[in-house]
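In what follows, every chain begins at residue 1, and chains take the letters A, B, ... in the order their sequences are listed.
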2 protein chains.
Amino acid sequence: MAMPEKKAQASDTQLAMQVVNHIRERIEDGTLQPGDKLPPEREFARKLKISRASLRTGIGYLAAMGVMKVRHGVGTFVVDGPPEIGKSSLGLLGALHGFESWQMFEARMLLEGNLAALAAERGKEEHFTAMAEEVAEMYATIDDPGEYLIHDVRFHRTIAQASGNPILAALMETISTALYDDRRKTVELSRGLKDSAEKHREIFRAIRARNAAEARKVMESHLQLAKTAQEHERAGRGRRNAHPRTKENGS
Amino acid sequence: MAMPEKKAQASDTQLAMQVVNHIRERIEDGTLQPGDKLPPEREFARKLKISRASLRTGIGYLAAMGVMKVRHGVGTFVVDGPPEIGKSSLGLLGALHGFESWQMFEARMLLEGNLAALAAERGKEEHFTAMAEEVAEMYATIDDPGEYLIHDVRFHRTIAQASGNPILAALMETISTALYDDRRKTVELSRGLKDSAEKHREIFRAIRARNAAEARKVMESHLQLAKTAQEHERAGRGRRNAHPRTKENGS
DNA sequence: TGATTTTAGAGGTCAGACCACTAGGATATA
DNA sequence: TATATCCTAGTGGTCTGACCTCTAAAATCA
């Protein structure tokens with residue numbers, strides 16, 4: 001047990017924080033596990049002796065932090081899957097503080113490079129097996145960019161797990177997610193899937209060989225390529241800078 | 001301009017997201033700047049043609065992400081100060097996924113080490129000046145742990161800024177905040193403030209000399225010391241493991 | 001058997017009354 | 001005048017309870 005106690009920062013609504021703390025306790029004592037479903041709002045509110053509105057405020061808060069997941073008409077669940085710190089805040093904070101693309105890439109490269117190095121030092125057989133599998137799948141789906149990407153993501157995620165540091169993994173997950181949309185387009189358009197698969201195999205080999213320095217280096221060069229590819233592609237299609245927000249999120 | 005468009009992830013409430021997106025646009029087009037105040041809820045809700053409840057849901061979401069700050073009886077403001085990704089989620093996610101202390105330290109050390117190296121490469125004169133000032137202040141407040149800590153934090157924050165990558169800076173800020181409480185106790189209890197100041201000066205010198213490798217190394221050894229000190233101190237006072245959550249968050 | 005409709009359960013939104021906090025102005029007091 | 005106290009306007013916080021919408025599964029029909 002570790003995380004320093006971090007109770008309701010000053011200024012957050014009392015009742016909402018009551019909900020947050022209640023749930024925190026349930027999580028800490030193991031009553032709530034990832035994937036579990038919360039009681040219906042009306043019932044839960046009655047149990048906590050607060051109004052449904054307040055309960056919802058608290059749940060909204062948890063949802064925003066990526067701890068809970070609300071499904072309309074179905075229920076509210078404890079989030080499952082890899083943790084992501086600050087799930088959806090990167091975009092907003094980015095707009096607010098003027099983050100730039102190259103900074104995202106730099107952050108990602110730095111994190112993944114180190115993740116790869118740590119994975120080389122601490123990875124377990126099971127991780128290697130999983131990585132090998134994903135690499136194989138990449139080769140197998142080299143003609144199906146959509147499928148390919150799934151294994152690509154899984155491969156990187158496995159490395160993150162193998163690093164043995166879930167916090168770093170979560171940070172990486174956060175950044176990757178933010179980069180995801182663009183990356184998807186890139187991968188789909190670039191014919192370089194074979195080269196990409198090759199690169200991934202190199203990374204895998206370095207990690208399995210427990211060569212941390214090499215793992216870091218290959219990983220960084222891999223991401224460097226992705227970055228460059230994306231920049232070219234981005235430069236290719238005309239810029240749409242008329243209005244800062246062109247809501248072209250179709251894809 | 002950079003951040004990939006990241007519209008309402010599936011499943012988030014429509015109206016609340018409408019608020020979020022509205023504010024996002026205002027931020028992106030510069031209408032809303034850090035520190036700005038939002039209109040009163042009743043008025044704002046009327047303007048957006050949604051109920052106050054929905055508006056509040058959206059604002060709560062933004063507050064949870066660390067983008068907005070609500071002050072009871074005063075108003076709602078765009079957050080000022082250094083960005084922090086996933087402001088308050090680390091603790092919850094930690095409890096949920098079992099993060100451990102050493103992982104926090106490792107993450108911090110990795111981030112700050114790289115931040116220091118980048119600062120050495122890219123820092124500007126103004127940053128060096130600010131750092132020098134903080135170091136001087138540290139020496140000056142060596143007998144006042146409370147004051148000392150303020151400059152300590154500012155010093156590290158300046159390095160983060162000097163790195164030129166606000167995303168990495170934000171990540172480090174997040175982790176530091178989570179570590180803050182414990183760290184505070186540590187610093188107060190350890191008589192090593194003089195050594196600490198010394199260490200900070202070393203870091204500063206390495207950065208100003210633009211010696212990235214040295215900066216990283218010294219920074220890491222500094223944090224390593226802090227970690228060790230904290231562990232000793234933690235071991236010193238009796239453990240309280242009876243109940244996983246002993247709500248002794250007084251102090 | 002397979003497609004369609006119904007329905008129960010859960011979250012989403014709303015309106016409007018009332019509570020609580022903050023800051024600053026008005027007033028009383030020394 | 002200086003200072004302490006009170007009052008009040010403005011703003012967020014909470015509550016109630018009705019009604020809307022969505023999902024998934026059961027019931028029904030072809």
Side-chain angles (χ1 to χ4, degrees), chain A residues 7-24 26 32-80 87-88, chain B residues 7-24 26 32-80 87-88:
Chain A
K7 288 293 135 90
Q9 316 76 331
S11 101
D12 280 316
T13 52
Q14 322 158 21
L15 294 195
M17 273 333 260
Q18 181 181 323
V19 177
V20 173
N21 286 328
H22 177 93
I23 290 182
R24 180 209 306 281
R26 294 313 178 86
L32 277 179
Q33 296 285 322
D36 285 359
K37 181 169 173 297
L38 246 49
E41 295 186 346
R42 290 158 179 92
E43 182 187 328
F44 200 18
R46 215 177 313 127
K47 180 158 32 171
L48 296 184
K49 295 184 175 40
I50 60 179
S51 75
R52 208 186 138 204
S54 297
L55 171 67
R56 281 176 58 74
T57 302
I59 289 180
Y61 203 90
L62 291 164
M65 299 193 304
V67 175
M68 306 290 287
K69 172 84 172 178
V70 183
R71 296 177 56 198
H72 189 176
V74 184
T76 303
F77 305 78
V78 177
V79 133
D80 207 357
K87 212 168 173 48
S88 42
Chain B
K7 289 294 134 89
Q9 315 77 330
S11 99
D12 281 314
T13 54
Q14 323 157 21
L15 295 196
M17 273 336 256
Q18 181 180 322
V19 178
V20 173
N21 285 329
H22 177 92
I23 290 182
R24 179 209 307 281
R26 294 312 178 88
L32 277 178
Q33 296 285 320
D36 285 357
K37 182 169 173 296
L38 245 48
E41 294 186 346
R42 291 158 178 90
E43 183 188 327
F44 200 18
R46 214 177 313 125
K47 180 158 35 172
L48 295 185
K49 293 185 175 42
I50 60 178
S51 75
R52 208 184 140 206
S54 297
L55 172 67
R56 281 176 58 73
T57 303
I59 289 180
Y61 203 90
L62 291 165
M65 299 194 303
V67 175
M68 305 292 287
K69 171 83 171 178
V70 183
R71 296 177 57 198
H72 190 175
V74 184
T76 303
F77 305 79
V78 177
V79 133
D80 206 359
K87 212 168 173 47
S88 42

Check [X] against [Y] and note the closest heavy-atom contact, atom names and distance.
{"X": "K37(B)", "Y": "G75(B)", "value": "CE-CA, 4.0 Å"}
{"X": "A63(A)", "Y": "V70(A)", "value": "CB-CG2, 4.5 Å"}
{"X": "V20(A)", "Y": "G58(A)", "value": "CG2-O, 4.1 Å"}

If I take atom [atom1] in residue [X] and atom [atom2] in nucleotide [N], what distance separates them, rounded to the nearest angstrom?
{"X": "L48(A)", "N": "dC15(D)", "atom1": "CG", "atom2": "P", "result": "11 Å"}
{"X": "F44(A)", "N": "dG9(C)", "atom1": "CZ", "atom2": "C1'", "result": "18 Å"}
{"X": "L15(B)", "N": "dG12(C)", "atom1": "CG", "atom2": "P", "result": "11 Å"}
{"X": "K37(B)", "N": "dG10(D)", "atom1": "NZ", "atom2": "P", "result": "12 Å"}
{"X": "K69(B)", "N": "dG13(D)", "atom1": "NZ", "atom2": "P", "result": "11 Å"}
{"X": "L55(B)", "N": "dT11(D)", "atom1": "CG", "atom2": "P", "result": "14 Å"}
{"X": "E43(A)", "N": "dG11(C)", "atom1": "CD", "atom2": "C1'", "result": "14 Å"}
{"X": "R52(B)", "N": "dT11(D)", "atom1": "CZ", "atom2": "C1'", "result": "8 Å"}

Would one find a side-chain N or O of [X] under 4.0 angstrom from OP1 or OP2 of [N]?
{"X": "T76(A)", "N": "dA10(C)", "value": "no"}
{"X": "R56(B)", "N": "dG12(D)", "value": "no"}
{"X": "R71(B)", "N": "dA23(C)", "value": "yes"}

Validation row: M68(B), V78(B) side chains within 4.5 angstrom (heavy atoms):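 Result yes, sub-4.5 Å side-chain heavy-atom pair found.
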Nucleotide nearest S51(A) when distance is taken to its side chain, options dG12(C), dT14(D), dC14(C):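 Output: dT14(D).
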V74(A) side-chain proximity, nearest of dA24(D), dC14(C), dT16(D):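 Comparing dA24(D), dC14(C), dT16(D) against the side chain of V74(A), the answer is dA24(D).
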H72(A) (side chain) and dT23(D) (base): donor-acceptor pair under 3.5 Å: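 By the distance-only test, no, there is no pair.
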base_contact_polar (dG16(C) base, R46(B) side chain, donor-acceptor, <3.5 Å):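 Result: no qualifying N/O pair found.
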For L55(B), the option from E41(B), K47(B), R46(B), R42(B) that meets side chain to side chain contact (heavy atoms under 4.5 Å, CB included):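 Filter result, single survivor: E41(B).
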Which residue lies more 5' along DNA chain C, comparing S54(B) with R42(B) via nearest heavy atoms: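 Between the two, 5'-proximity favours S54(B).
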